[in-house]
Novice: 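First the structure, which I've put down as structure tokens, then a few questions once you've had a look.
Keep in mind that this is a model prediction, so the values were computed, not measured. Below, all heavy atoms of this structure are taken into account, side chains as well, without hydrogens, waters or symmetry copies.
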Amino acid sequence: PPSLPPPSAMLSSRGPALCTALRRAVPGGLASFHSSAPRYRPARVAVVLSGCGVYDGTEIHEASAILVHLSRGGAEVQMYAPDVPQMHVIDHSKGQPAEAESRNVLVESARIARGKITSLAKLTTADHDAVIFPGGFGAAKNL
């Protein structure tokens with residue numbers, strides 16, 4: 001029988017390198033490996049946003065980092081936010097409240113979600129394996 005590479009080497013391989021290693025290692029070729037391997041569905045993850053901006057919503061860097069890692073991991077992501085007025089609107093260039101402004105948490109969160117966002121009222125646990133709440137003061141103020 002052929003000598004298999006150590007499991008750590010096979011797990012750390014990605015894409016074409018993994019396919020090549022499997023073709024060499026599995027008697028009967030890659031097709032026999034795939035037919036016996038269990039198939040897993042991607043993780044279904046809800047990301048709950050609380051606006052857009054560290055002082056009055058979701059901290060954008062945290063949300064972006066989470067979304068990048070979920071994407072790389074192959075997760076199916078759905079973003080949610082409450083459809084309510086923000087508690088405060090902050091002028092982030094000054095770090096002070098903008099007294100005359102009012103914004104909607106869902107509308108502001110759509111900036112991070114690139115428009116692909118759903119009202120938090122529609123989030124159900126049966127549809128997701130995990131829920132992530134990125135930081136920012138909006139989590140305390142708007143959620």
Novice: Hey, is the main chain of L49 close enough, under 3.5 Å, to the side chain of T58 for a donor-acceptor pair?
Specialist: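 Answer holds: no.
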Novice: Quick check against the 3.5 Å criterion: does H92 have a side-chain atom that pairs as donor or acceptor with the backbone of I90?
Specialist: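 A pair under 3.5 Å: yes.
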Novice: Using a distance-only test with no angle check, is there a side-chain donor-acceptor pair under 3.5 angstrom linking Q78 and T118?
Specialist: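 Yes - a donor-acceptor pair under 3.5 Å links their side chains.
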Novice: If you take all heavy atoms of G51 and E108, which pair is closest and at what distance?
Specialist: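 Where G51 meets E108 most closely, the heavy atoms are CA-CB, 4.0 Å.
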Novice: NE2 of H88 to CZ of R103: how many Å apart, nearest 0.5 Å?
Specialist: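 Between H88 NE2 and R103 CZ, I get 13.5 Å after rounding to 0.5 Å.
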Novice: Are P134 and V47 side-chain neighbours, meaning at least one heavy-atom pair lies under 4.5 Å?
Specialist: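 In contact.
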Novice: Using the side chain to side chain contact (heavy atoms under 4.5 Å, CB included) definition, which of the options L120, I117, N142 pairs with S109?
Specialist: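 The passing option is I117.
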Novice: Please examine the side chains of I60 and I112, heavy atoms only from C-beta on, and report whether any two atoms are closer than 4.5 Å.
Specialist: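 Result yes, sub-4.5 Å side-chain heavy-atom pair found.
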Novice: Hey, does P97 have a side-chain heavy atom less than 4.5 Å from the side chain of D91?
Specialist: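 The answer is no, as the side chains (C-beta and beyond) never meet within the 4.5 Å cut-off.
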Novice: Is it true that I66 and F133 fall in one hydrophobic cluster, defined by side-chain heavy atoms closer than 4.5 Å?
Specialist: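 Unlinked, I66 and F133 end up in two clusters.
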Novice: Say whether V107 and L123 are linked into one hydrophobic cluster, either directly or through other cluster members, by side-chain heavy-atom distances under 4.5 angstrom.
Specialist: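 The answer is no; the residues belong to distinct hydrophobic clusters.
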Novice: Mind checking the OG-CD spacing from S50 to Q86? Nearest 0.5 Å is all I need.
Specialist: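 Going from OG on S50 over to CD on Q86, the span is 8.5 Å.
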Novice: If two hydrophobic side chains count as joined below 4.5 Å and joins carry through other members, does L106 share a cluster with I132?
Specialist: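 As far as the 4.5 Å side-chain criterion goes, I132 and L106 are connected within one cluster.
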Novice: Measuring only between side-chain heavy atoms, which start at C-beta, is N104 closer than 4.5 Å to V84?
Specialist: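 Not touching, per the 4.5 Å side-chain cut-off.
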Novice: Identify the residue among E62, H61, E59 that makes a side chain to side chain contact (heavy atoms under 4.5 Å, CB included) with V54.
Specialist: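 Considering E62, H61, E59, a side chain to side chain contact (heavy atoms under 4.5 Å, CB included) with V54 is found only for E59.
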Novice: Measure up the Y80 and H128 rings against each other and bin them: parallel (under 30°), tilted (30 to 60°), perpendicular (over 60°).
Specialist: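 Ring orientation of Y80 relative to H128: perpendicular.
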Novice: Determine the minimum heavy-atom distance between Y55 and F137, stating which atoms define it.
Specialist: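 So the two residues come closest at O-CB, 3.5 Å.
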Novice: Taking a hydrophobic cluster as the set of Ile, Leu, Val, Met, Phe, Trp and Tyr residues connected by side-chain heavy atoms closer than 4.5 Å, whether directly or through intermediates, do L143 and V131 fall within one such cluster?
Specialist: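 Per the 4.5 Å side-chain linkage, L143 and V131 are co-clustered.
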Novice: Please find the pair of heavy atoms, one from S119 and one from D83, that lie closest to each other, and give the distance.
Specialist: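 Result for this residue pair: OG-CB, 4.1 Å.
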Novice: Could you state whether L70 and M79 fall into the same hydrophobic cluster, counting links through intermediate Ile, Leu, Val, Met, Phe, Trp or Tyr residues with side-chain heavy atoms under 4.5 angstrom apart?
Specialist: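 Same cluster: L70 reaches M79 through Ile, Leu, Val, Met, Phe, Trp or Tyr contacts under 4.5 Å.
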Novice: Return the minimal non-hydrogen interatomic distance between V45 and A75, and the atom names on each side.
Specialist: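 The pair with the smallest heavy-atom distance is CG2-CB, 4.1 Å.
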Novice: Give the C-alpha distance, both sets of side-chain angles, the deciding distance and a yes or no for side chain to side chain contact (heavy atoms under 4.5 Å, CB included) between L67 and V77.
Specialist: CA-CA 8 Å; L67 295 170; V77 177; 3.9 Å; yes
Novice: With the threshold set at 4.0 Å, does a side-chain nitrogen-carboxylate oxygen contact exist between R41 and D129?
Specialist: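 Salt bridge flag = yes for D129 with R41.
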